[in-house]
Amino acid sequence: MQIDEPLRRKLVQAVAATVIAHAEELTDLDQAIGDGDHGLNMKRGFEAVLGDIDKLVAQPLPKMLAAIGTTLVMKVGGASGPLYGTLFLQLGKAIPEAPSMSEAADALAVAIEAVKARGKSTVGEKTLLDVLAPVLDALRAGADDLPAVADAAAEATKPVQATKGRASFLGARSIGHADPGARSSALIVRAVASTLAEAA
Ligand code: ADP
Ligand code: MG
């Protein structure tokens, strides 16, 4: 699929807009099981992305994604900054300029493995990986409802006890709340999937 500059702009705008619009919700989630900064962290990162949008979208898809990764590493902070930074950076390194669905899935798989390595974490620990991994599986299976898959996966982190990140300090008290990073990942997946669906 050719992702030209106008579409790249739409994608970046959609992702940034939804993260920024949901900052308060992400903060509330992080207040329950963390330190309450996830919304602000992500908002700061994606405001920086928006501030740089002309330069970002002028680049081919792989370079644009890698540049977004660098911005997120620098601006988001916390645990999630390096993790989202790694995700976008590695996606950018692995994805072709005009990816097919299966090439996009392969690139996402590479990026997920990089996040796991960076976070020393795996699926099932109540993190953003609990959304990204099922979304990858659904993409590979040809599912056409990725936002629903992502939302359900974020919701499914509620009964899980966190074993990574700040939420793990709470032990069993982390049970019963959705993971903020899982939620922000679901928002990003929804924005990407619905923008691509509109463009198709
Ligand atoms: P911090 O935890 O430093 O305050 P944020 O609040 O911005 O950073 O991000 C918290 C989110 O980061 C968590 O909800 C979780 O999804 C994710 N996270 C934290 N640690 C890890 C890890 N080791 N591996 C994967 N994801 C992690
Ligand atoms: Mg936090």
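Values below: every heavy atom of this structure, side chains too, minus hydrogens, waters and symmetry copies. Indexing begins at 1, ligand by ligand and atom by atom, following the structure's order.
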Participant: Do S174 and Q161 meet the criterion of a side-chain donor-acceptor pair at a distance under 3.5 Å?
Facilitator: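 Note: S174 and Q161 side chains miss the donor-acceptor criterion.
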Participant: For G78, take its heavy atoms, then give the atoms of ligand 1 lying under 4.0 Å from any of them.
Facilitator: 3 (O), 8 (O)
Participant: Near D37, which atoms of ligand 1 are under 4.0 Å from a heavy atom of that residue?
Facilitator: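 What qualifies from ligand 1 is 4 (O), 5 (P), 6 (O).
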Participant: Of the non-hydrogen atoms in G45 and T71, which two are nearest, and what is the gap between them?
Facilitator: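 Minimum heavy-atom separation between G45 and T71: O-CG2, 4.2 Å.
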Participant: Please determine whether side chain to side chain contact (heavy atoms under 4.5 Å, CB included) holds for the pair K126 and T163, giving the CA-CA distance in whole Å, both sets of side-chain angles, and the decisive distance to 0.1 Å.
Facilitator: CA-CA 7 Å; K126 200 180 183 95; T163 48; over 6 Å; no
Participant: So which bit of L128 gets within less than 4.0 Å of ligand 1, heavy atoms only: side chain, backbone, both or neither?
Facilitator: both
Participant: Check each of A117, A79, A182 against atom 8 (O) of ligand 1 and report the one with the nearest heavy atom.
Facilitator: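 Among A117, A79, A182, the closest heavy atom to atom 8 (O) of ligand 1 comes from A79.
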Participant: Quick test of your reading of the model: are D35 and R166 salt-bridged, counting only N-O distances below 4.0 Å?
Facilitator: yes
Participant: How is the N/O/S atom of D37 that comes nearest to the Mg ion (ligand 2) named?
Facilitator: OD1
Participant: What about L129: any of its N or O atoms under 3.5 Å from an N or O on ligand 1?
Facilitator: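 No, since none of the N or O atoms of L129 sits under 3.5 Å from an N or O of ligand 1.
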Participant: Would you say ligand 1 has an N or O under 3.5 Å from any N or O of L83?
Facilitator: no
Participant: Using a 4.0 Å heavy-atom threshold (strictly under), name the region of V115 that reaches ligand 1: side chain, backbone, both or neither.
Facilitator: neither
Participant: Taking CE in M101 as the centre, count heavy atoms belonging to other residues, nucleotides or ligands within less than 6.0 Å. Is the count above 12?
Facilitator: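 At most 12 heavy atoms, drawn from other residues, nucleotides or ligands, come within 6.0 Å of this atom.
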Participant: At the Mg ion (ligand 2), what's the angle from D35 OD1 to D30 OD2, rounded to 10 degrees?
Facilitator: 90°
Participant: For ligand 1, which atoms have a heavy atom of G165 less than 4.0 angstrom away?
Facilitator: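 Near G165, the atoms of ligand 1 are 19 (C), 20 (N).
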Participant: Using side chain to side chain contact (heavy atoms under 4.5 Å, CB included), reason through F46 and I188 one step at a time and then give a plain yes or no.
Facilitator: CA-CA 11 Å; F46 280 94; I188 292 171; 4.3 Å; yes
Participant: Can you tell me which residue and heavy atom of the protein come closest to atom 10 (C) of ligand 1, and the distance to 0.1 Å?
Facilitator: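 Result: H38 ND1, 4.1 Å.
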Participant: Atom 23 (N) of ligand 1: which protein heavy atom is closest, and how many Å away?
Facilitator: G119 O, 2.9 Å
Participant: Quick check: does G181 get an N/O under 3.5 Å from an N/O on ligand 1?
Facilitator: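 Yes, at least one N or O pair falls under 3.5 Å.
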Participant: According to a hydrophobic-cluster definition based on side-chain heavy atoms being under 4.5 Å apart (Ile, Leu, Val, Met, Phe, Trp, Tyr only), do L87 and L89 belong together?
Facilitator: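 No, separate clusters.
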Participant: Would you compute the distance between atom NZ of K63 and atom CD1 of I95 and round it to the nearest 0.5 angstrom?
Facilitator: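 Taking NZ in K63 and CD1 in I95, the distance rounds to 15.5 Å.
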Participant: With only distance considered, is K120 within less than 3.5 Å of ligand 1 through an N or O on each side?
Facilitator: no
Participant: Can you tell me if K164 has over 12 outside heavy atoms packed within less than 6.0 Å of its NZ?
Facilitator: yes
Participant: R166: heavy atom below 4.0 Å from ligand 1, yes or no?
Facilitator: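 Yes, R166 has a heavy atom closer than 4.0 Å to ligand 1.
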Participant: Checking side-chain contact (heavy atoms from CB on, under 4.5 Å) against V57, which of Q13, K10, R8 comes through?
Facilitator: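 Checked Q13, K10, R8 against V57; only one passes side-chain contact (heavy atoms from CB on, under 4.5 Å): R8.
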Participant: Using a strict cut-off of less than 4.0 Å between a Lys/Arg side-chain nitrogen and an Asp/Glu carboxylate oxygen, indicate whether D37 and K43 qualify as a salt bridge.
Facilitator: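 Salt bridge: no.
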Participant: Pull out every atom of ligand 1 sitting under 4.0 Å from any heavy atom of D30, numbered as shown with elements.
Facilitator: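 Going through ligand 1 atom by atom, the ones under 4.0 Å from D30 are 6 (O).
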Participant: What do we get for D35 next to ligand 1 when only non-hydrogen atoms under 4.0 Å count, side chain, backbone, both or neither?
Facilitator: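 Side chain only.
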Participant: What do we get for S121 next to ligand 1 when only non-hydrogen atoms under 4.0 Å count, side chain, backbone, both or neither?
Facilitator: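 The answer is the side chain of S121.
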Participant: Between H38 and T27, does any side-chain donor sit less than 3.5 Å from a side-chain acceptor?
Facilitator: no
Participant: Answer yes when D179 and K158 have at least one side-chain N-carboxylate O distance shorter than 4.0 Å, and no when they do not.
Facilitator: no
Participant: What is the closest protein heavy atom to atom 7 (O) of ligand 1, and at what distance does it sit?
Facilitator: S80 OG, 2.6 Å
Participant: Does at least one non-hydrogen atom of G34 fall below 4.0 angstrom from an atom of ligand 1?
Facilitator: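 Judged by the 4.0 Å heavy-atom criterion, G34 does not count as contacting ligand 1.
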Participant: Specify the protein heavy atom at minimum distance from atom 16 (O) of ligand 1: its residue, its atom name, and the distance to 0.1 Å.
Facilitator: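 Result: D179 OD2, 2.6 Å.
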